[in-house]
Number of protein chains: 2
Amino acid sequence: MIRHAQYSNDALELVARRFAVLSEPMRLRLIQALFGGEKNVSELVEATGGTQANVSRHLQTLTSAHVLGRRKAGLQVFYHIADPTIPKLCDLVCGSLEKSLSRQVASLS
Amino acid sequence: MIRHAQYSNDALELVARRFAVLSEPMRLRLIQALFGGEKNVSELVEATGGTQANVSRHLQTLTSAHVLGRRKAGLQVFYHIADPTIPKLCDLVCGSLEKSLSRQVASLS
DNA sequence: CAAGCATATGATTGGTTGCGCATATACGCT
DNA sequence: AGCGTATATGCGCAACCAATCATATGCTTG
């Protein structure tokens, strides 16, 4: 594992783009909905409470970033998490946020 | 470790915000420059090639997100990485990107 | 092939954000 | 106190992006 490697501007741009893809709540809802396995668009619309058009747009963003994968089956399109690091990323951030928040709570007393 | 937990909308908003903070190349440059230890603003301006005003703004963003910490010493202000998960996050993303890119390169042959 | 369902996409708009310039604040020194 | 250095901040602009509406594409069935 390369720890703390120095990256070029182009590389940092890619990393930034990757984080940007994960920086929208709706996209995180979609990812979360797919933790349980692949779902088609209609199911994702239902699970996230978004409109069909918006969900489709975000799915395209996530897919072209190789975060999700597509599988067509007749009329329907099934999406699944294609990048195995995504759950780890989310868990890392969530754990860090929980610690940070509990520290803030503790500092109130 | 809580894997694949279901999060509320408020929690997802926090996670999204966290990713958003990491989604700018200049901020990643600052973080990268701090991997070697704390630096003051002037050193960070030099290391990143940005303007003083812009660097200061990004430092504020990173600090209020508890990614960085501040230490004042006379005229100078020293910043350091306050969240230990940041390097892990960056390495995870970089590793994933390297794999993804090498797959794309391999698919060209 | 016509109709109907599932999904994707063009166009528009409002909101957010990064950047640059100028200036303000904070601190130390003489 | 006054000056110089280090850092922060108000403001305006331009670019980007998510959400929405309407419409298009793709596939299946009768």
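Order of the sequence lines sets the chain letters (A, B, ...), proteins ahead of strands, with each chain counted from 1. The model shown is predicted, which means the values in this text are computed figures rather than measured ones.
- Close to C:dA8, at under 4.0 Å from its OP1 or OP2, lies a side-chain N or O of A:Y79.
- Taking side-chain N and O atoms only, B:R17 has a distance below 4.0 Å to OP1 or OP2 of C:dT17.
- The footprint of chain B on DNA chain D, defined by a heavy-atom cutoff below 4.0 Å, extends from D:dT5 to D:dC11.
- For the pair A:N54 CG and C:dT12 P, the computed distance is 19 Å after rounding to whole Å.
- Under 3.5 Å, the side chain of A:R57 and the base of C:dG10 form at least one donor-acceptor pair of N or O atoms.
- Between B:E24 atom CD and C:dT16 atom C1' the separation is 11 Å, expressed in whole Å.
- The distance from atom CG of B:L62 to atom C1' of C:dT17 is 14 Å, rounded to the nearest whole Å.
- Using a 4.0 Å heavy-atom distance criterion, A:S56 is classed as a base contact.
- Side-chain N/O atoms of A:Q52 and base N/O atoms of C:dA6 include no donor-acceptor pair closer than 3.5 Å.
- Side chain of B:S100 to backbone of B:S96: no donor-acceptor contact under 3.5 angstrom is found.
- The nearest whole Å value for the distance from the CG atom in A:L75 to the P atom in C:dG4 is 14 Å.
- At the phosphate of C:dT9, OP1 or OP2 sits under 4.0 Å from a side-chain N or O atom of A:Q60.
- Each of A:K72 and A:T61 was matched to the nucleotide of DNA chain D holding its nearest heavy atom; the match closer to the 5' end belongs to A:T61.
- Looking at B:L30 and B:V55, their side chains come closer than 4.5 Å, going by heavy atoms from C-beta outward.
- Taking atom NE2 of A:H58 as the reference point, atom P of C:dA8 lies 13 Å away to the nearest angstrom.
- At least one donor-acceptor pair closer than 3.5 Å links the side chain of B:Q32 to the backbone N or O of A:Y7.
- Around CZ of A:R71, the count of heavy atoms belonging to other residues, nucleotides or ligands within 6.0 Å exceeds 12.
- Inter-residue side-chain proximity for B:I86 and B:L22 is flagged as met; some heavy-atom pair is nearer than 4.5 Å.
- Judged by distance alone, the side chains of A:S8 and A:D10 never bring a donor and an acceptor atom under 3.5 Å apart.
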